[in-house]
S.K.: 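Structure incoming, see below.
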Amino acid sequence: GAFGSVYKAIHKSTNKTYAIKIIDYSKDNNKENNNIINFNYNSVQQETSIMRLVANSKYIVKYYGSYFSRKSNTLWLILEYCSSGSANDLMFSMNRTFSEVELATIMEMVLQGLALMHKKNLIHRDIKGANILLSEDGYAKLGDFGVGAQLSTEKYRMSKKGSPYWMSPQIASNLKYDFKTDIWSLGITCIELLEGEPPFSQLKPSNVMEKISKDPPDVSEMIDLNEHTLQFKSFIEHCLEVDPKKRYTAEELLQHEFIKKFSKGRKYMISLIKKHENDVEKCMALLRRFHGIQLNVGHRFEIFDNIEYYEFLWKGQPSVHQEYGETKANVLSLKSFIEENAAEHCLTHIDAVPDNFLFYQESGEEKLQLTDWEYAGMQDPHVDIAMFCLYSLYDRPQIDRIIDIYFEGKCDNRTRIKIYCYIAACGLLCSNWSEYKQTLGVEFGDYAEHQYRYAQTYYEIAREEIAGL
């Protein structure tokens with residue numbers, strides 16, 4: 001998030017797993033950052049106070065307590081660990097969007113959490129796929145209350161908070177709003193999970209806010225309703241009603257036919273999550289077998305050379321990222337560690353992303369193949385693991401789990417860190433490729449930004465891990 005990093009942690013005496021959100025104040029101790037510190041502190045206070053008020057709900061991520069470390073000047077928030085990640089994570093790693101049945105099942109649980117919040121005069125203000133977390137026991141839970149708020153006695157708020165693409169017309173227009181703003185965001189989230197991205201994701205955030213505030217779009221502008229059931233059409237229209245007085249409440253939506261007819265409950269979510277996890281294990285097993293053959297060809301794929309090549313194709317145009325030069329230098333500094341710890345090179349797919357694993361039926365038996373060998377060449381085979389994680393937008397616990405699956409629990413620390421380095425390098429490579437495509441008029445929305453952020457984040461992670469060796 002903007003003000004913290006989240007880690008998976010195991011409590012030593014109980015062996016229970018938790019998520020720990022660590023907020024580092026040590027970098028913000030100069031006068032220029034006082035406003036950031038104040039916002040950061042206030043945001044944390046809001047987040048924890050809201051989570052305390054809804055602590056008993058199965059549909060909201062639990063908050064267990066917080067601790068301040070004077071030694072490191074960091075605040076630790078101890079939270080429930082949702083091992084299956086977010087709804088977005090599951091969508092990306094399944095390599096498909098959700099069906100209406102899957103969506104209704106998730107939304108029923110989200111609405112249960114929202115109904116409780118709204119009953120307690122709390123608003124979330126940042127409902128989106130990334131903030132719906134999935135537990136291994138099949139619950140969809142609301143998380144990340146950093147911009148949440150409690151309604152005053154007047155029952156309205158006016159501050160502009162939230163993520164632009166999911167923002168209601170009232171927030172975007174600086175008008176008074178109440179808990180119905182969450183219902184608009186819920187409707188946008190439904191479109192996001194059915195279509196793969198929120199409406200108008202091709203526009204810049206500022207342009208989206210301007211469009212929503214000046215000319216709130218009709219539902220038909222955001223999604224082709226002819227492709228969906230009448231029940232979903234009715235549901236989404238009640239969510240995305242521009243007039244908040246006519247917009248349904250969470251309680252009313254829980255009684256809607258879309259939820260009543262299509263939601264299959266928690267056991268259905270458990271089976272969906274487990275099926276996906278089994279598919280990922282099959283993909284890693286296929287990669288492991290392919291790499292074990294140790295095929296040799298007469299050409300190579302050089303990651304760092306291609307970083308330079310795609311930058312060259314910009315034809316002198318500067319990067320859209322102001323700190324690109326620093327980011328590039330940081331990533332290139334990882335090259336020596338990669339070379340020192342490289343596995344024996346063999347034919348590597350390079351583009352081993354979920355899109356290119358093809359499941360199909362043959363004579364009643366499930367088969368799996370790797371397709372699209374356009375970039376394949378001689379390289380460290382562990383690049384394929386990095387690319388799979390990078391494209392799936394996995395977080396660090398998910399990446400570590402993929403590494404453990406591939407190596408069957410036997411990955412040494414240096415190899416793990418090397419894969420972090422590859423994620424940083426491949427992130428920059430994909431970002432540069434996206435910038436080249438943008439010069440040709442091809443837009444990738446958030447994808448390009450995500451790749452660049454992976455380059456920055458996993459450089460920092462790799463550097464920290466290397467220093468600890």
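In this text, all values refer to a predicted model and were calculated from it rather than measured experimentally.
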S.K.: Under the side chain to side chain contact (heavy atoms under 4.5 Å, CB included) test, which residues partner Glu100, sequence neighbours left out?
M.R.: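 By the side chain to side chain contact (heavy atoms under 4.5 Å, CB included) rule, Glu100 matches Leu194, His228, Thr229, Phe232, Phe258, Phe262.
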S.K.: How about Trp76: does its CH2 atom have over 12 heavy atoms from other parts shown lying under 6.0 Å from it?
M.R.: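 At most 12 heavy atoms, drawn from other residues, nucleotides or ligands, come within 6.0 Å of this atom.
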S.K.: For Ala352, which residues count as a side chain to side chain contact (heavy atoms under 4.5 Å, CB included) partner, sequence neighbours excluded?
M.R.: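 Side chain to side chain contact (heavy atoms under 4.5 Å, CB included) list for Ala352, sorted by chain: Leu287, His349, Phe357, Asp384.
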S.K.: Taking 4.0 angstrom as the limit, do Lys418 and Glu465 come out as a salt bridge?
M.R.: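 A salt bridge is absent here (no side-chain N lies under 4.0 Å from a carboxylate O).
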S.K.: For residues Tyr360 and Gln369, is any side-chain donor paired with an opposing acceptor at under 3.5 Å?
M.R.: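 Yes, side-chain donor-acceptor contact under 3.5 Å.
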S.K.: Going by side chain to side chain contact (heavy atoms under 4.5 Å, CB included), Leu142 matches just one of Val61, Asn131, Val110, Asp182. Which one?
M.R.: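 Checked Val61, Asn131, Val110, Asp182 against Leu142; only one passes side chain to side chain contact (heavy atoms under 4.5 Å, CB included): Val110.
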S.K.: Using the benzene-type ring in the case of Trp, are the ring centres of Phe290 and Trp373 under 6.0 Å apart?
M.R.: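 For Phe290 and Trp373, the ring centres are under 6.0 Å apart.
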S.K.: Below 4.0 angstrom, N of the basic side chain to O of the carboxylate: do Lys8 and Asp400 qualify?
M.R.: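 Salt bridge absent between Lys8 and Asp400.
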S.K.: Do you know the tightest heavy-atom contact between Gln398 and Gly85?
M.R.: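 Closest approach of Gln398 to Gly85: NE2-CA, 3.9 Å.
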S.K.: If the test is side chain to side chain contact (heavy atoms under 4.5 Å, CB included), which one of Leu390, Val331, Ile399 qualifies with Tyr458?
M.R.: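 Among the candidates, only Ile399 passes.
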S.K.: Begin from the C-alpha positions of Ser168 and Thr181 and carry the test side chain to side chain donor-acceptor pair (under 3.5 Å) through to its verdict.
M.R.: CA-CA 6 Å; Ser168 71; Thr181 194; 2.7 Å; yes
S.K.: Using 0.5 Å steps for rounding, measure from the OG atom of Ser84 to the NZ atom of Lys274.
M.R.: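 Taking OG in Ser84 and NZ in Lys274, the distance rounds to 10.0 Å.
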S.K.: For the ring pair Trp433 and Tyr309, is the centre-to-centre distance below 6.0 Å?
M.R.: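 Trp433 vs Tyr309: aromatic centres not under 6.0 Å.
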S.K.: Strictly below 4.0 Å, N to O, side chains only: are Lys328 and Glu311 in salt-bridge contact?
M.R.: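 Yes, Lys328 and Glu311 are salt-bridged.
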S.K.: Take atom CD in Gln322; do more than 12 heavy atoms of anything else shown fall under 6.0 Å from it?
M.R.: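 It does not: Gln322 CD has 12 such atoms or fewer within range.
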S.K.: Taking Lys141 first and then Glu136, would you say they form a salt bridge - that is, a charged N and a carboxylate O separated by under 4.0 Å?
M.R.: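 Looking at Glu136 together with Lys141, the answer is no, because their closest N to O distance does not fall below 4.0 Å.
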S.K.: Could you check whether the rings of Tyr59 and Tyr139 sit parallel, tilted or perpendicular, using 30° and 60° as the cut-offs?
M.R.: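 If you compare the ring of Tyr59 with that of Tyr139, the planes turn out perpendicular.
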S.K.: Is it true that Glu192 and Trp166 share a donor-acceptor pair across their side chains at a distance under 3.5 Å?
M.R.: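 Result is yes, a qualifying pair exists.
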